[in-house]
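Whatever order the structure lists ligands and atoms in, that order sets their numbers, starting from 1. Model, not experiment: these values are computed from the prediction.
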Amino acid sequence: MGSKKKRKRGVTVERPTIHPRNKYSDNPPDFAQLASLYPSFEPFVFYSRDGRPRIDWTDFNATRELTRVLLLHDHSLNWWIPDGQLCPTVPNRSNYIHWIEDLLSSDIITNTNAKVDVEVVRGFDIGTGANCIYPLLGASLLGWSFVGSDVTDVALEWAERNVKSNPHISGLIEIRKVESGETTSCGEESCKGQLVDSGSNAHTNEIEASNPEPDFLPPLKLHSDVKNYHGPPVLYGVVRDGEKFDFCMCNPPFFESMEEAGLNPKTSCGGTPEEMVCPGGEEAFISRIIQDSVELKQSIRWYTSMVGRKSNMKILISKLREVGVTIVKTTEFVQGQTCRWGLAWSFLPPAKKVISSHVAEKSVLSFMLEGLQRQCNAIHVMQSVETFFCSAGATCKSNASAFTLDITASNDHCEAILKSELSNLDEPAPCQYKEVVYNGSGSSHLPLSDFSLRISVFQQIPGTLLVRGSLQHRESPAAGAFSSIFLRLEEVLKLKFCREKATAGGSSINRAR
Ligand SMILES: C[S@@+](CC[C@H](N)C(=O)[O-])C[C@H]1O[C@@H](n2cnc3c(N)ncnc32)[C@H](O)[C@@H]1O
């Protein structure tokens, strides 16, 4: 996923954002224009006091109609889903397609499925849904061909209808029913012999795991304590003998129950239990994809999945390390206040020297606050972050609507933070608010020795927040304190907000970049 470099007040800020090739990157959907062109969409558009056209994101009919007109207007696609089925947001789903496009065009792994250029890229969409969104977008944007699989009758019927309503690309898409009777077992017995200890480091970074000599290493029994998937086949048993794919993709059932799905009160994208839920949630489902990939190995160049919880990334990456993949890549998909992750891996040999994330500088770190007490929300966390920094004398500037906090701290402030006891964040500390003024010359007036950091708080599923810190002055001498300070912040916030408190040394901090 591309991260956009933005010069703001003389500071280069890297933040993950909409993919630069996404159609909506520079031109977000224009509701007023769509309403004037499509009378069926018009009743869903209203104008807020600032005169901006809006829709009610909690109204399923409004979100479905928006998706329908966007697919028609911008992609010439005819599309519909029945009431209650999961309704995709087009800009968000396009990001995943473009990320795969990046993976395919990168030369990180060798292309042993080498094909002449005229052959089309072939993808496998696990759980294509009634909306069939990924095959429709991939075929219309990039001319890719797809097999889209699913298990439910309604998904298979409507995916097929959506394909047939678009004769210009229907030849590129096959909808495949997963036979739920023939549960494949890639259990430990069948996988054991093929597992190798990679001895590699999997990191959540741009180019991550390298396992240059997997075949010479001794077999390893899987020991990850991951949740098990008990359900219909996912890849193994659905991909046919001799079939080859350039990639597979998946927007998995994220949740273990509909209660956990919680149905975000700010949006209504529908979603039936069959679409949203599987025993063991996404951890179990993606673990099955990993197990199946061990069986299918190089039949698919890039295995990918969307991941809804950051904490699962860690578990899944260590599982990938155990099964001896040659490469792991991750990305972050950001839309509004929601974050999702992309996880990709391959068994093909790396084609070029990989850069270890040990040597790469980390400028973005994040952690999850899970199991938040009921009455706590992002605002409370923001206030506590402010107190954390201000009580050491640092300067904070908050933007409550964007859920961001810009912090400037001197060397002394950093030392004070690191020396402090795990403090009581209930007492708001007096803060020095300082407007950071752009001097117009392309450089900030802040002394370079200052540590400058932006903290963002994202709502995940109910009860879970993501806290992300991005270093604004990488070159500052105080920048070295970033990870220690962020680790400290994680401990302090978990102590205050999480039912399951942080344990010393038990940090879940993830190096994003
Ligand atoms: C979260 S929905 C994703 C739908 C669509 N791809 C999207 O992004 O909106 C998950 C889909 O996976 C399907 N599914 C669940 N288990 C499956 C399996 N073993 N094989 C294929 N599809 C499965 C569900 O029926 C559902 O349609």
Side-chain angles (χ1 to χ4, degrees), residues 60 63-64 67-68 70-71 79-82 84-97 99-100 123-139 146-160 162-163 173-186 228-239 247-256 258 260-261 263-264 267-292 304-309 333 335 338 340 342 461:
F60 175 79
T63 55
R64 175 172 57 182
T67 296
R68 190 188 77 78
L70 280 180
L71 287 173
W79 176 91
W80 193 245
I81 47 168
Q85 294 289 306
L86 184 63
C87 178
T89 51
V90 180
N92 161 313
R93 297 300 203 278
S94 310
N95 279 335
Y96 191 177
I97 292 284
W99 182 54
I100 289 178
F124 192 106
D125 180 25
I126 303 166
T128 199
N131 62 54
C132 194
I133 188 71
Y134 291 125
L136 292 174
L137 282 177
F146 276 88
V147 170
S149 70
D150 214 295
V151 284
T152 70
D153 289 342
V154 65
L156 293 160
E157 180 195 332
W158 278 88
E160 197 71 68
N162 279 316
V163 173
I173 304 171
E174 173 197 333
I175 301 300
R176 190 174 292 178
K177 181 176 168 63
V178 174
E179 298 298 342
S180 53
E182 44 174 281
T183 14
T184 51
S185 166
C186 177
N228 282 323
Y229 169 85
H230 303 285
V234 174
L235 268 182
Y236 187 64
V238 187
V239 169
F247 67 90
C248 69
M249 65 192 306
C250 181
N251 180 12
F254 284 134
F255 305 105
E256 289 196 56
M258 273 318 256
E260 193 199 358
L263 299 175
N264 185 348
T267 60
S268 175
C269 295
T272 59
E274 293 73 24
E275 289 173 303
M276 311 299 283
V277 171
C278 100
E282 66 173 9
E283 182 190 331
F285 198 85
I286 302 169
S287 293
R288 170 51 66 95
I289 302 179
I290 295 175
Q291 285 188 336
D292 285 1
T304 76
S305 182
M306 185 108 91
V307 180
R309 280 184 176 215
F333 301 111
Q335 181 165 19
T338 310
R340 296 273 182 254
I461 53 174

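Among protein heavy atoms, the minimum distance from atom 6 (N) of ligand 1 is reached at Gly127 O, 2.8 Å. Nearest protein heavy-atom neighbour of atom 25 (O) of ligand 1: Asp150 OD1, 2.6 Å. The protein non-hydrogen atom at the shortest distance from atom 2 (S) of ligand 1 is Glu275 O, 3.4 Å. Regarding atom 9 (O) of ligand 1, its nearest protein heavy-atom neighbour is Arg93 NH2, 2.7 Å.
If you take CG on Asn251 and CE on Met306, they are separated by 4.0 Å, rounding to the nearest 0.5 Å.
Between Phe124 and Phe146, the ring centre distance reaches or exceeds 6.0 Å.
Listed by atom number, the atoms of ligand 1 under 4.0 Å from Val178 heavy atoms are 20 (N), 21 (C). Residue Val234 has at least one heavy-atom neighbour below 4.0 Å for each of these atoms of ligand 1: 19 (N). Of all atoms in ligand 1, listed by their number and element, those nearer than 4.0 Å to a heavy atom of Ser149 are 21 (C). Proximity to Gly129 (heavy-atom distance under 4.0 Å) selects the following atoms of ligand 1: 4 (C), 27 (O). Residue Asn131 approaches ligand 1 through these ligand atoms, each under 4.0 Å from one of its heavy atoms: 5 (C), 7 (C), 9 (O). Atoms of ligand 1 found under 4.0 Å from any heavy atom of Thr128 (numbered from 1 in listed order, with element): 4 (C), 5 (C), 6 (N). Near Tyr229, meaning under 4.0 Å from one of its heavy atoms, ligand 1 places the atoms 19 (N). Atoms of ligand 1 found under 4.0 Å from any heavy atom of Pro233 (numbered from 1 in listed order, with element): 18 (C), 19 (N), 20 (N).
In terms of N/O distances under 3.5 Å, ligand 1 is not approached by Phe285. Between Thr152 and ligand 1, no pair of N/O atoms sits closer than 3.5 Å.
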Q: Would you check, one step at a time, whether the test side-chain contact (heavy atoms from CB on, under 4.5 Å) holds for Val154 with Gln85?
A: CA-CA 9 Å; Val154 65; Gln85 294 289 306; 3.7 Å; yes
**Q.** Derivation and outcome, side-chain contact (heavy atoms from CB on, under 4.5 Å), residues Glu283 and Phe285
**A.** CA-CA 6 Å; Glu283 182 190 331; Phe285 198 85; over 6 Å; no
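When non-hydrogen atoms are compared, ligand 1 lies under 4.0 Å from neither the backbone nor the side chain of Cys250. Heavy atoms of Cys278 found under 4.0 angstrom from ligand 1: none, in either backbone or side chain. With a 4.0 Å heavy-atom cut-off, ligand 1 is reached by the side chain of Leu86 but not by its N, CA, C or O.
Considering each of Asn251, Thr89, Val151, Ile289, the one bringing a non-hydrogen atom nearest atom 3 (C) of ligand 1 is Asn251.
Residue contacts with ligand 1 include Pro252, since one of its heavy atoms falls under 4.0 Å from the ligand.
Applying the salt bridge (charged side-chain N to carboxylate O under 4.0 Å, His left out) criterion to Glu174, with sequence neighbours excluded, gives Arg176, Arg240.
At a threshold of 4.5 Å between non-hydrogen side-chain atoms, the residues Ser149 and Asp125 do not count as touching. Residues Asn228 and His230 are in side-chain contact: their nearest non-hydrogen atoms beyond the backbone lie under 4.5 Å apart.
Contact detail for Tyr134 and Ile97: the closest heavy-atom pair is O-CD1, 3.7 Å. Heavy-atom minimum distance, Gly308 versus Glu282: N-OE1, 2.6 Å. When every heavy atom of Pro233 is checked against every heavy atom of Val178, the shortest pair comes out as O-CG1, 3.2 Å.
Considering Asn162, Leu156, Asp150 as possible partners of Ile175, the one that fulfils the side chain to side chain contact (heavy atoms under 4.5 Å, CB included) test is Leu156.
Taking the six-membered ring where tryptophan is involved, the planes of Trp99 and Phe333 are perpendicular, since the angle between them exceeds 60° and thus also 30°.
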